[in-house]
Number of protein chains: 2
Amino acid sequence: MRGVHPISGFRLTIENVKSHISTTHEVLVAVFQVRPQPIHRNGGATSDTPELCVLLWERALDPMSGTWALPGGRLEPDEDLPDSARRQLAQKVDVQELTHLEQLSVFSDPQRVPGNRVIASTFLGLIPCPAEPELPTDTAWHPVARLPEMAFDHRIVVDHARTRLAAKLSYTNIGFALAPHEFTVSTLKSIYSAALGYHVDATNLQRVLGRRRVITPTGTTAPPGKTGGRPAAMYRFTDTRYRVTDEFAALRPPAD
Amino acid sequence: MRGVHPISGFRLTIENVKSHISTTHEVLVAVFQVRPQPIHRNGGATSDTPELCVLLWERALDPMSGTWALPGGRLEPDEDLPDSARRQLAQKVDVQELTHLEQLSVFSDPQRVPGNRVIASTFLGLIPCPAEPELPTDTAWHPVARLPEMAFDHRIVVDHARTRLAAKLSYTNIGFALAPHEFTVSTLKSIYSAALGYHVDATNLQRVLGRRRVITPTGTTAPPGKTGGRPAAMYRFTDTRYRVTDEFAALRPPAD
DNA sequence: CCAAAAGTGTTCCAAGTACACCCATGA
DNA sequence: TCATGGGTGTACTTGGAACACTTTTGG
C-alpha cells in the first residue's frame with residue numbers, strides 16, 4: 001500500500017488513501033429541448049411559442065429535498081465521462097433521443113456540496129424537438145426562463161450550459177441536435193428564437209444557414225395550415241455530425 | 001462504511017471503496033509563451049522570429065522515461081482545480097508570471113495511462129513575453145512546431161490548448177496575457193503571428209484591436225532601431241482582465 | 001378577392017483585408 | 001538624402017440586418 005505512483009510520482013500513503021476515499025467524482029448533465037409550452041390561461045390568451053426547457057428531477061431526500069437537480073451521478077471506475085453521462089441519463093430519459101453530448105467545465109470547489117467532497121464534471125445534452133420521451137414521476141421539463149429552486153450549484157451549471165449553447169448556435173451547425181430531421185424555416189426560426197432567447201428573423205436565418213451550407217432544401221414542401229398561406233419548403237441539416245461552420249470570425253489568415 | 005451517500009445517492013460498499021482508491025485525479029497544464037528563438041545556424045542565417053513555446057519536463061523514471069510531459073500532478077483533497085494547477089506549476093516556474101489560467105477538457109479514458117486509473121483535468125496557462133522565469137534542470141521550453149516525443153496523451157492536450165488559444169485570440173482580449181505591459185504594434189504582430197501560426201498584418205491588427213477598444217495608445221513612443229525608421233507608438237491592453245470582445249460573430253440579436 | 005404565410009430582391013451597413021502612400025528617424 | 005520601419009488613407013469585399021415586395025395557398 002506504500003510506494004510512489006508510477007505515473008504521477010506522488011506517494012500512496014495511508015493519509016492520502018483516507019482522504020482520497022472521501023473524494024468522489026460525479027457527472028451532471030444539463031439536457032435541453034425546445035418544447036411547445038402548455039397553454040397559459042391569462043384571460044383566455046393561449047401562448048404556443050415554444051421555450052427552451054431543461055430536464056430536472058425533484059430531490060425526495062435531504063439535504064435540499066424538494067429542490068430540483070440535474071440528472072447525473074457517480075462516475076464508475078470502468079467508464080469514461082461521456083459513457084457515464086449517457087448511463088446516468090438513461091435512468092431519466094430515452095438516451096436514443098440524445099443527439100448531442102458535450103463536456104462543459106468541472107466544478108471542483110471542495111465545499112461545493114455538504115459532506116464528503118464531490119467533483120462534478122458537467123455536460124450539455126440536446127434532444128430534438130418532436131421527441132416526447134417518457135419521464136419518471138420525479139422528473140420534469142422546466143422552462144429555463146422560470147427555473148424552480150435548484151439544488152447545490154446546479155443553477156450555475158444550467159446557466160453555463162445555456163450560454164454555451166447560444167454561442168455555438170452562431171458558429172456551428174449544432175442546431176441539428178435541436179431540430180427535427182426535416183423542418184420548415186419558420187419551425188427552425190422558432191427553435192433558434194427559443195434557444196437564443198431573442199427574436200430571430202426567418203429570412204436572414206434561411207440565408208445565413210443556406211450560405212454556409214448548414215441547411216439544404218429537400219425539394220418537398222409542407223402543406224399550409226387551415227388559414228392558408230404559401231406552402232413552406234422543407235429543409236434538413238446537411239450534416240448530422242457536429243461541425244464548426246464559421247471558424248474565423250475575425251483575424252482570419254491571409255487569403256493567399 | 002456502509003450507507004447511501006447523502007448527495008448522490010450511491011452506495012458506499014467495500015467494492016466501491018476499493019475501486020475508488022485506485023482512481024486518482026491529476027491536473028495537467030499547457031503553459032505557453034512566445035519566445036525569441038535561439039539562433040539557427042543554417043549556413044549562417046540567423047532566425048529571430050519568435051515562436052510559440054510550451055513548458056515541458058523530461059521524465060526520468062519509467063514508464064516512458066526520456067519522454068516529455070506537461071507540468072502537473074495530483075489534485076489534493078483541500079484544493080480546487082485552479083489552485084491545484086497553480087500549486088503544481090509553482091514547482092516548475094514562477095507562478096507570479098502566470099497571466100492567464102483557464103480550464104480545458106477532462107481526459108477520462110480509464111486506460112489513458114498504464115496502471116491505476118488517473119483522470120486528467122487540463123488547463124491552458126499563459127506567460128507574457130519579456131518574462132524569463134528560472135527553470136529546473138529537467139524543464140525546458142519547446143517550440144510547438146517541433147515537439148519532442150511526449151508522454152501518454154500529453155501531445156493531444158498541447159494541440160487542444162493551441163487550438164483554444166488561437167480561437168480566443170480572435171474574439172477575446174486574451175492577447176494581454178502573452179504581450180508585455182507596453183508594446184509597439186509590430187511587437188504585438190509578431191506575438192499574434194507566433195501564436196496563430198500564420199502571418200498577421202500589422203496594419204489590420206492595429207485597426208481591428210483599436211476599433212474594439214482592446215488596445216489603447218499610451219501616448220509615448222519607442223526609439224527606432226540602429227537602422228533608423230519612424231519611432232513606433234506604444235500601446236497597452238485596455239483591460240488586464242479576460243474579456244470577450246466579439247460575442248456575436250453571426251446571428252446577432254436585433255438592433256432594437 | 002382577400003388574408004395569411006412563405007420566399008425573394010434590394011438596400012444598407014459594419015467590419016476585415018489589401019495595398020498604396022505618407023511620415024519620422026538614423027546614418 | 002535615402003533607406004528603413006511605422007502609420008494613415010482608401011478602395012474592395014464579405015456577410016449579416018432590415019424591410020419591402022412577390023408568390024402561393026385557403027376561405
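Here is how names work: the chains are called A, B, and so on, in the same order as the sequence lines, proteins then strands, and each is numbered from 1.
- A donor-acceptor pair shorter than 3.5 Å cannot be found between the side chains of B/Thr245 and B/Thr172.
- Across the protein-nucleic acid pair, A/Leu205 atom CG and D/dG15 atom C1' stand 15 Å apart, rounded to whole Å.
- Of the listed nucleotides (D/dT25, C/dA5, D/dG7), C/dA5 has the atom at the smallest distance from the side chain of A/Thr227.
- Residue A/Ala233 is classed as a sugar-phosphate contact, given heavy-atom separations below 4.0 Å to backbone atoms only.
- For A/Gln206, taking side-chain heavy atoms from C-beta onward, the closest of the listed nucleotides C/dT25, C/dG7, C/dT17 is C/dG7.
- With distances taken from any side-chain atom of A/Arg230 to the nucleotides D/dG6, C/dT25, C/dA6, the minimum falls on C/dA6.
- The shortest distance between side-chain heavy atoms of A/Val244 and A/Tyr171 falls below 4.5 Å.
- Spacing between atom CG of B/Asp246 and atom P of C/dA14 amounts to 15 Å, rounded to whole angstrom units.
- Following rounding to the nearest Å, A/Ile215 (CD1) and C/dG7 (P) show an atom-to-atom distance of 10 Å.
- The side chain to side chain donor-acceptor pair (under 3.5 Å) test with A/Thr218 singles out one residue from A/Thr216, A/Thr221, A/Thr220, and that residue is A/Thr220.
- We find that CG of A/Asn204 is positioned 12 Å from C1' of C/dC12, with the value rounded to whole Å.
- Comparing A/Thr203 and B/Ala232 along DNA chain D, the residue whose closest nucleotide (by nearest heavy atom) sits nearer the 5' end is B/Ala232.
- Checked against the 6.0 Å centroid criterion, the rings of A/Phe183 and A/Phe237 qualify as a close aromatic pair.
- If you measure from atom OH of B/Tyr171 to atom P of C/dA15, you get 19 Å, rounded to the nearest angstrom.
- Donor-acceptor pairing under 3.5 Å, judged by distance alone, is present between the side chain of A/Arg207 and the base of C/dG9.
- Look at CG on A/Leu196: it is 11 Å from P on D/dA17, rounded to the nearest Å.
- What separates NZ of B/Lys189 from C1' of C/dT17 is a distance of 14 Å, to the nearest Å.
- For C/dG16, the base has no donor-acceptor partner in the side chain of B/Arg212 [N/O atoms by modelled type, under 3.5 angstrom].
- With salt bridges taken as basic N to acidic carboxylate O contacts below 4.0 Å, none links B/Glu149 and B/Arg155.
- End-to-end axis angle of the helix from C/dC1-D/dG27 to C/dA27-D/dT1, from C1' rotation axes over five pairs per end: 20° (rounded to 10 degrees).
- Atom-to-atom distance recorded for B/Phe32:CZ and B/His100:NE2 is 11.5 Å, nearest 0.5 angstrom.
- Expressed to the nearest 0.5 Å, how far CH2 of B/Trp141 lies from CZ of B/Arg35 amounts to 6.0 Å.
- Rounded to a whole Å, the CZ atom of A/Phe183 is 20 Å from the P atom of C/dA5.
- Looking at heavy-atom distances under 4.0 Å, B/Thr184 makes no contact with the nucleic acid at all.
- For B/Arg211, whose side chain is taken as the heavy atoms from C-beta onward, the closest listed nucleotide among D/dC19, D/dT24, C/dA15 is C/dA15.
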